[in-house]
There are 2 protein chains.
Amino acid sequence: MSSDASIVVGLNAVIVAVTKESPRILTMSGNSTDPFFGDPLWSGGSLDLLPYGPLDPEADRTLELTLRGWVRERTGLELGYVEQLYTFGDRNRGPRKHPQEVPRVISVAYLALVREGPPSGTAVARWRDWYTYFPWEDWRDGPPRAIAEGITSAIQDWIESADGDRRRAERRERAGISFGLEGSDWDPDRVLDRYEILYELGLVTEARRDADGEVETVEGSAASELGRPMDMDHRRILATGLGRIRGKLRYRPVVFELLPDTFTLLRLQRVVEALAGVRLHKQNFRRLVERGGLVEGTGELDTRTGGRPAELFRFRREVLRERRAPGLGLPPGR
Amino acid sequence: MSSDASIVVGLNAVIVAVTKESPRILTMSGNSTDPFFGDPLWSGGSLDLLPYGPLDPEADRTLELTLRGWVRERTGLELGYVEQLYTFGDRNRGPRKHPQEVPRVISVAYLALVREGPPSGTAVARWRDWYTYFPWEDWRDGPPRAIAEGITSAIQDWIESADGDRRRAERRERAGISFGLEGSDWDPDRVLDRYEILYELGLVTEARRDADGEVETVEGSAASELGRPMDMDHRRILATGLGRIRGKLRYRPVVFELLPDTFTLLRLQRVVEALAGVRLHKQNFRRLVERGGLVEGTGELDTRTGGRPAELFRFRREVLRERRAPGLGLPPGR
DNA sequence: CTGTATTATACTCATCGTGAGCACAAGAGG
DNA sequence: CCTCTTGTGCTCACGATGAGTATAATACAG
């Protein structure tokens with residue numbers, strides 16, 4: 001039963017780190033012919049890819065161990081927090097080049113957090129700021145240009161162009177919830193919803209590629225594109241990961257996986273803001289984090305702050321036992 | 001790459017309904033030779049199973065549609081809310097009967113909610129109260145007997161029997177968080193954590209089965225067992241589903257998928273309590289639900305309440321746009 | 001060595017959500 | 001008519017949260 005050879009199972013990884021105030025993910029260029037990572041037989045060509053590894057049925061006992069193993073081997077990175085993200089198994093994921101020749105691909109995607117460090121292993125991988133792929137998700141310096149120029153009006157057109165009042169209302173509601181229009185707040189977690197709407201609107205390259213057959217985006221061309229595209233459905237996977245980590249921040253102390261052992265409170269805040277794509281109130285953030293028992297001061301000070309020296313803090317692991325949902329950041333909204 | 005025939009991909013479903021105050025899941029008896037559901041070639045034998053269906057690579061476009069399709073076909077049920085739960089792919093899932101002959105099985109598990117109704121299709125399926133499988137999870141009438149008689153003391157023994165202070169402290173912490181001992185609250189969501197500890201303790205049948213080779217549990221025997229066992233790792237999958245739905249209740253209005261169009265507030269509360277396994281404060285629940293805009297009254301009254309007639313309410317879908325996390329129930333704790 | 005910029009940290013205040021209860025309303029059944 | 005049962009409105013205390021003011025401690029320019 002279903003041991004048909006036309007099913008392929010692989011693992012994908014969204015590997016996140018934060019450098020300074022920039023959230024980064026590990027990607028590989030599609031041109032690489034890395035024999036282990038990638039090798040996208042049925043992919044589009046030169047576009048970016050998420051790290052990919054096939055599943056060896058004889059290999060490690062668990063999927064997670066398999067993932068940790070090949071990431072270590074190929075990049076030298078030791079993954080900290082790892083969680084399963086989602087399993088993608090729909091047909092027609094990616095360009096419809098030779099639909100009939102393409103096997104059914106089941107990708108089990110994982111989200112992983114690492115402390116920053118250069119990729120050092122055998123793979124051709126590099127860190128990129130994730131807002132390169134999702135420029136409309138970064139609200140730290142006010143509404144992103146992508147939103148102001150184009151997205152909002154494109155959405156209005158899309159709403160107006162629906163057939164009938166009912167469909168129009170549906171679109172209005174959906175867009176409103178996702179993009180925080182008409183009374184709704186902009187919810188940082190809804191990354192996937194937003195990407196999918198933009199896909200439907202044909203505003204991301206992948207949409208046209210999947211529809212028209214093939215659009216080889218040369219580096220630098222299509223300057224008007226919304227964000228850097230990825231191969232296959234990897235940007236969708238990335239959107240899923242981004243949304244997941246933003247949600248997780250609220251109720252699990254996962255940020256600390258991205259930070260060194262000790263850090264100032266501002267550093268912590270900047271990392272949270274980088275992930276959330278939103279600015280936070282400094283004093284309240286401090287209160288939340290200290291009074292919530294998430295951190296404890298080491299007596300030491302960091303003098304490289306530029307102003308008054310800041311105390312260095314460390315994560316209090318005990319908090320896991322004490323509080324139910326020891327997360328932080330991300331205002332709950334209305 | 002990995003199109004090896006020794007990988008098998010299938011779908012599992014945790015299908016939930018609530019009858020009166022009893023949360024139920026759809027299970028099948030392992031003895032059935034249903035040609036579609038089940039047919040557990042490498043399973044243990046007579047134990048209960050979750051609905052299972054192989055993945056046909058040629059079939060439906062998405063995994064979720066495949067699932068909806070075969071559930072409709074075999075049980076006549078139209079699934080409401082469906083979400084992907086987790087993908088299980090570890091080796092050695094289930095009895096080690098013939099380890100070498102067993103293919104690597106990747107199971108994509110889904111959580112689905114339905115309004116109650118008898119299974120009517122071609123499959124040999126039946127509803128069971130899920131606390132049959134997890135008797136220690138039902139705190140609606142105070143601490144469950146399973147906790148009082150046995151579990152607590154077994155955990156104490158387990159903690160004491162660890163090698164060294166460090167390991168002892170680790171076990172104490174882990175058990176404390178999971179079972180709400182020593183200052184921690186009992187968190188309804190941690191269903192999987194608890195099941196895994198009981199598994200490690202050897203208190204659930206599956207643990208001994210997996211270790212010893214084979215323990216065929218005859219109906220009625222092993223009265224001292226903690227809960228009704230299931231085949232393979234299906235009880236683990238079920239625990240995952242139970243935990244997920246409890247967590248989801250907090251921030252998504254999923255309960256309404258289990259209720260008829262109109263209902264009294266007490267009915268709603270009972271359903272939430274059934275899922276959460278915890279009693280809630282009536283007046284506050286009412287306030288939460290009404291002032292949160294989750295429901296709206298229809299003028300009608302239900303006179304079959306036993307006391308004063310209660311107003312019938314309906315779910316307000318608009319709430320999805322208005323509030324960020326329109327969930328309910330489950331006290332946040334400490 | 002003085003002022004200014006920059007960051008760190010303490011404290012206040014209004015508001016709102018939530019846990020816990022009291023009180024009363026409106027039916028059914030003896 | 002009394003009592004039981006369920007439904008519904010309201011209060012009160014407390015803690016979490018959003019927003020802002022004030023002050024401390026450093027670097028650096030002039």
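Side chains are part of it too, since the values below use all heavy atoms of this structure and drop only hydrogens, waters and symmetry mates. Just so it is clear: chains get the letters A, B, ... in the order the sequence lines come, proteins before strands, and each one is counted from 1.
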Practice task
Provide, to the nearest angstrom, the distance between the CG atom belonging to A:Asp302 and the P atom belonging to C:dA8.
Solution key: 9 Å
Problem - Distance flag, aromatic centroids of B:Phe256 and B:Phe263, threshold under 6.0 Å - result: yes
Fill in the blank from the handout: Taken to the nearest whole Å, CG/B:Leu312 to P/D:dG7 is 11 Å
Problem - With B:Glu170 via side-chain hydrogen bond (donor to acceptor under 3.5 Å, both in side chains) - residues at least two apart - result: none
Practice task
Report the residue (B:Arg291 or A:Leu266) whose heavy-atom-nearest nucleotide on DNA chain C is the more 5′ of the two.
Solution key: A:Leu266
Handout entry: Expected output: side-chain B:Gln269 to main-chain B:Leu280 donor-acceptor under 3.5 Å
Key = yes
Exercise for the section: Using whole Å, report how far CZ of B:Phe263 lies from P of D:dT6. Expected result: 20 Å
Fill in the blank from the handout: Between CG of B:Asp185 and C1' of C:dG19 the distance, given in whole Å, is 13 Å
Handout entry: Footprint string (nucleotides 20-30 of chain C, 5' to 3'): B base within contact, S backbone only, - free, heavy atoms under 4.0 Å
Key = BBB--BBSS--
Handout entry: Exam field: side chain A:Thr264 to backbone A:Arg267, donor-acceptor pair closer than 3.5 Å
Key = yes
Handout entry: Phosphate contact (D:dG7 OP1 or OP2) by B:Lys282 side-chain N/O below 4.0 Å
Key = yes
Exercise for the section: Starting at atom CZ of B:Arg286, determine the distance to atom C1' of C:dG17, rounded to an integer number of angstrom. Expected result: 18 Å
Problem - Whole-Å distance separating the CZ atom of A:Arg270 from the C1' atom of C:dT7 - result: 10 Å
Problem - Nucleotide C:dT18, atom P - distance to CD of B:Glu290 in whole Å - result: 15 Å
Handout entry: salt bridge (Lys or Arg N to Asp or Glu O under 4.0 Å) between B:Glu257 and B:Arg252, worked out
Key = CA-CA 11 Å; B:Glu257 298 287 345; B:Arg252 284 285 110 136; over 6 Å; no
Handout entry: Distance, rounded to the nearest Å, where B:Leu268 contributes CG and D:dG7 contributes P
Key = 12 Å
Handout entry: Under 3.5 Å: donor-acceptor pair, side chain of B:Arg140, backbone of B:Glu21
Key = yes
